[in-house]
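Have a look at the structure below, then the notes.
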Amino acid sequence: MALVNNPVMGINLRQNKNSKNAGYGKYYPEVDLQKTLTIRGFAQHMIDHGSKYNRGDIENILSMVTECLPELVAQGQPVKVDGLGIFRATASSEGADEATVKRKDFVLSSLVKGIHMRFLPQSDSFKNLTSKRFLNERV
């Protein structure tokens, strides 16, 4: 397998074909996504980059991350992976207004409509994963 450090990300134009959408008929950029890697494929990719660990060890560590990271985030504990970013929980609501929030008798469960795990890319390092810098480095 050839080792490629900085492959170019493909971007195509996609036409919006949803006639009920305001952007109907317009063209939008869309990333040309490759096949999704499994943990095994990701571990193999790490080995191809010269990891001193074997695939089984890497798979086990990645499996532990997929178990522990959501567990911690669900407990309200943000997790920073240096060089990558921060995973944290956020809450969404519908119809929350000042009057609802100020009421002493409001029910929290009626205000919160969802809890989500969010990813905030790290932007203070060489591996800046945000916006235009990411675009300039990858496309």
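These numbers come from a predicted model, not from an experiment. We number each residue from 1, following the sequence as shown.
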>> Around atom CZ of F87, are there more than 12 heavy atoms from other residues, nucleotides or ligands closer than 6.0 Å?
In response: yes
>> Does atom NZ (K113) have a neighbourhood of more than 12 heavy atoms from anything else shown, all under 6.0 Å?
In response: yes
>> Using a 4.5 Å cut-off between side-chain heavy atoms of Ile, Leu, Val, Met, Phe, Trp and Tyr, which other residues end up in the same hydrophobic cluster as M64?
In response: none
> What residues form a side chain to side chain contact (heavy atoms under 4.5 Å, CB included) with R55, not counting sequence neighbours?
Replying inline: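 Here the qualifying residues are R40, A43, Q44, I47, E59.
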>> A side-chain contact here means heavy atoms from C-beta on lying under 4.5 Å apart; do E30 and I11 qualify?
In response: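 Sidechains of I11 and E30: no contact.
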>> Any non-hydrogen side-chain atom of F42 less than 4.5 Å from a side-chain atom of L62?
In response: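 Of all side-chain heavy-atom pairs linking L62 with F42, at least one is under 4.5 Å.
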>> Give me the atom names and distance for the closest heavy-atom approach of Q15 to G25.
In response: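 Taking every non-hydrogen atom into account, NE2-O, 3.2 Å.
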>> How close do P78 and I86 get, counting heavy atoms only, and between which atoms?
In response: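 Answer, listing the atom of P78 first, then I86: CB-CG2, 4.1 Å.
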How long is the straight-line distance from [atom2] of [Y] back to [atom1] of [X], given to the nearest 0.5 Å?
| X | Y | atom1 | atom2 | value |
| --- | --- | --- | --- | --- |
| S92 | I115 | OG | CD1 | 7.0 Å |
| Y27 | R14 | OH | CZ | 11.0 Å |
| H45 | I58 | NE2 | CD1 | 10.5 Å |

Identify each donor-acceptor pair in which a side-chain atom of residues 66-75 lies under 3.5 Å from a protein atom, sequence neighbours left out, and give them as a table.
{"from": "T66", "atom 1": "OG1", "to": "S63", "atom 2": "O", "distance (Å)": "2.7"}

Between [X] and [Y], is there shared hydrophobic-cluster membership here, with clusters defined by ILVMFWY side-chain heavy atoms closer than 4.5 Å?
| X | Y | answer |
| --- | --- | --- |
| V65 | Y53 | no |
| V81 | F119 | yes |
| V79 | L84 | yes |

